[in-house]
There are 2 protein chains.
Amino acid sequence: MPRSGEAVRQRLLQAALELFTERGFDQTPVEAIAARAGVTERTFFRHFADKREMFFDRESELRDLLVQAVAAVPHGTKPLPTLRAAFHESVPLFERNRPITEPGARLVAETPALQERSLAKRAMLVTALTDALRARGVDARTAPLCAQVGMDTFAIATHRWMQDPSVPLHDQLDQAFRELRLATAALK
Amino acid sequence: MPRSGEAVRQRLLQAALELFTERGFDQTPVEAIAARAGVTERTFFRHFADKREMFFDRESELRDLLVQAVAAVPHGTKPLPTLRAAFHESVPLFERNRPITEPGARLVAETPALQERSLAKRAMLVTALTDALRARGVDARTAPLCAQVGMDTFAIATHRWMQDPSVPLHDQLDQAFRELRLATAALK
DNA sequence: GGTTTTGAGTCAGTGACTGACACATATTTG
DNA sequence: CAAATATGTGTCAGTCACTGACTCAAAACC
């Protein structure tokens with residue numbers, strides 16, 4: 001049994017995924033996860049802030065990527081096209097991580113406690129994007145609205161892509177933004 | 001000390017609001033709330049599913065109102081205008097409850113655990129609105145997008161109204177939807 | 001080779017919740 | 001009016017998530 005940092009973390013993730021899918025999130029105590037990973041409960045909490053946090057580590061990676069991508073879009077581009085371009089930049093990350101994140105995603109979808117956390121993570125992304133837009137000179141009223149609406153469109157695209165991988169994420173993204181344009185065109 | 005149902009609930013809400021603003025949400029055990037309300041901890045959990053749920057009871061009232069309002073909009077109206085009209089219908093509810101909900105809202109804003117729950121409640125509203133739109137014949141792809149985007153716009157309007165009550169909520173609502181229209185017009 | 005850093009174990013404790021049971025007061029019913 | 005029943009609460013015991021303080025062993029560094 002290796003005991004060197006990262007290996008333990010991986011074993012914990014693996015054990016948790018197995019147990020959660022077997023018995024469900026609420027029915028598996030942290031103690032059981034730790035035991036299957038050959039480690040103490042205390043050690044679990046040294047690697048993860050809490051039980052819900054396990055499947056949301058990559059979120060910060062995504063945030064950094066998106067913030068950078070927003071900054072890299074040519075100046076003069078309007079907010080929502082800027083965001084759309086940034087989302088396209090993140091597609092490789094999603095495609096690369098898909099095998100890892102897919103089982104977790106199914107779990108999140110059917111566990112209220114995890115959904116709640118997932119929403120909180122999305123909210124963090126929205127504030128990060130809001131700041132990124134404001135850094136580009138978007139005014140304080142427009143930035144939060146665009147960040148929020150853009151993120152929702154992005155989420156819908158990734159959601160559809162998760163359910164049906166036959167359509168590339170790039171296409172889902174463009175399609176979702178097209179639908180957004182159409183739906184809002186009906187306003188006044 | 002009356003002991004008849006609803007009175008206890010009110011005393012618990014009052015006690016919780018006081019203690020949370022004094023010491024903060026995380027620093028006040030449920031036991032302390034119950035004690036100040038002259039009741040046992042067990043009784044607290046008979047009135048509220050959990051500690052975070054206290055300030056979100058009215059959410060179901062809002063959901064029912066919005067769902068009904070969506071159904072009442074003349075047929076043929078496009079999804080987002082439908083939602084905007086429904087949101088306008090809920091304005092009196094907000095104005096009436098403002099004195100009650102305002103202290104709670106400030107608390108939610110500065111307590112991560114409560115923000116998380118607040119997002120979950122918003123998500124519930126989104127699914128309810130999605131269903132309400134689909135019942136009107138909006139197709140399964142458009143409905144979730146419109147419900148989500150509409151709800152965000154609504155949330156931004158109410159947020160601005162909470163911070164500056166001098167502008168009526170009706171106006172904030174129209175203004176936010178106008179901004180949404182403008183921002184999305186830049187797409188494509 | 002000794003020192004410092006790092007990751008883990010142990011133990012004790014708090015606090016959110018739950019289930020089971022007892023009891024008292026209100027409400028319904030014969 | 002009395003018996004049955006429902007409702008709201010108290011009590012107690014228990015589980016589980018999480019934290020702080022301390023110890024210890026193995027690296028990593030000097």
Side-chain angles (χ1 to χ4, degrees), chain A residues 1-57 104 107-108 111-118 120-121, chain B residues 1-57 104 107-108 111-118 120-121:
Chain A
M1 281 266 180
R3 200 178 294 173
S4 53
E6 189 57 25
V8 170
R9 187 190 186 86
Q10 290 306 319
R11 289 212 311 277
L12 282 168
L13 276 168
Q14 179 64 26
L17 191 59
E18 290 170 12
L19 289 169
F20 287 165
T21 51
E22 285 171 20
R23 310 183 214 164
F25 179 83
D26 295 312
Q27 273 59 53
T28 76
V30 171
E31 196 185 350
I33 304 170
R36 181 169 292 201
V39 115
T40 310
E41 193 185 349
R42 192 67 185 87
T43 297
F44 176 96
F45 287 108
R46 289 211 178 85
H47 284 278
F48 304 102
D50 63 79
K51 195 182 167 189
R52 283 171 243 96
E53 199 69 10
M54 300 197 72
F55 300 109
F56 299 104
D57 303 7
L107 193 63
V108 172
T111 308
L114 292 179
Q115 277 186 43
E116 226 176 285
R117 181 57 58 91
S118 175
K121 293 296 180 182
Chain B
M1 282 268 179
R3 199 177 294 172
S4 53
E6 188 56 25
V8 170
R9 187 191 186 86
Q10 289 307 319
R11 288 212 311 277
L12 282 169
L13 275 168
Q14 178 64 26
L17 191 59
E18 290 170 12
L19 289 169
F20 288 165
T21 50
E22 284 171 21
R23 309 184 214 166
F25 179 83
D26 295 311
Q27 272 59 52
T28 76
V30 171
E31 196 185 352
I33 304 169
R36 181 170 292 202
V39 116
T40 311
E41 193 184 349
R42 192 67 183 87
T43 296
F44 175 96
F45 288 108
R46 290 211 178 85
H47 285 278
F48 303 102
D50 63 78
K51 196 182 168 190
R52 283 171 243 98
E53 199 69 10
M54 300 197 73
F55 299 110
F56 299 105
D57 303 7
L107 193 62
V108 171
T111 308
L114 292 179
Q115 277 185 43
E116 224 174 288
R117 181 57 59 91
S118 175
K121 292 297 179 181

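Here is how names work: the chains are called A, B, and so on, in the same order as the sequence lines, proteins then strands, and each is numbered from 1. Side chains are part of it too, since the values below use all heavy atoms of this structure and drop only hydrogens, waters and symmetry mates.
For Asp50(A), the listed nucleotide lying nearest its side chain is dC18(D); candidates were dC18(D), dG10(D), dC17(C). With distances taken from any side-chain atom of Lys51(B) to the nucleotides dC16(D), dA16(C), dT11(D), the minimum falls on dA16(C). With dG15(C), dA8(C), dA17(D) as the candidates, the nucleotide lying closest to the side chain of Phe45(A) is dA17(D). Listed nucleotides dG15(C), dT11(D), dC22(D) differ in distance to Arg46(A); the shortest reach to its side chain belongs to dC22(D).
Computed from coordinates, the Phe44(A) CZ to dG9(C) C1' distance equals 17 Å when rounded to whole Å. At whole-Å resolution of the value, CG in Leu19(A) and P in dC16(D) are 13 Å apart.
Between the side chain of Arg42(A) and the base of dG20(D), a donor-acceptor pair under 3.5 Å is found. Side-chain atoms of Arg9(A) and base atoms of dG7(C) include no donor and acceptor less than 3.5 Å apart.
With Arg11(A) contributing its side chain and Ala37(A) its backbone, the two residues share a donor-acceptor pair below 3.5 Å. Proximity of a side-chain donor or acceptor of Thr43(B) to a complementary backbone N or O of Val39(B) within less than 3.5 Å is not detected. Judged by distance alone, the side chain of Arg9(B) and the main-chain N or O of His47(B) form a donor-acceptor pair under 3.5 Å.
Between the side chains of Glu18(B) and Gln14(B), at least one donor N or O sits under 3.5 Å from an acceptor N or O.
In terms of phosphate contacts, Arg52(A) brings a side-chain nitrogen or oxygen within less than 4.0 Å of OP1 or OP2 of dC18(D). Note on His47(B): every side-chain N or O is 4.0 Å or more away from OP1 and OP2 of dG8(D). Using a 4.0 Å cut-off, some side-chain N or O of Thr43(B) falls inside it from OP1 or OP2 of dG10(D).
Place Glu31(A) and Glu41(B) on DNA chain D by their nearest nucleotides, and Glu41(B) ends up nearer the 5' end.
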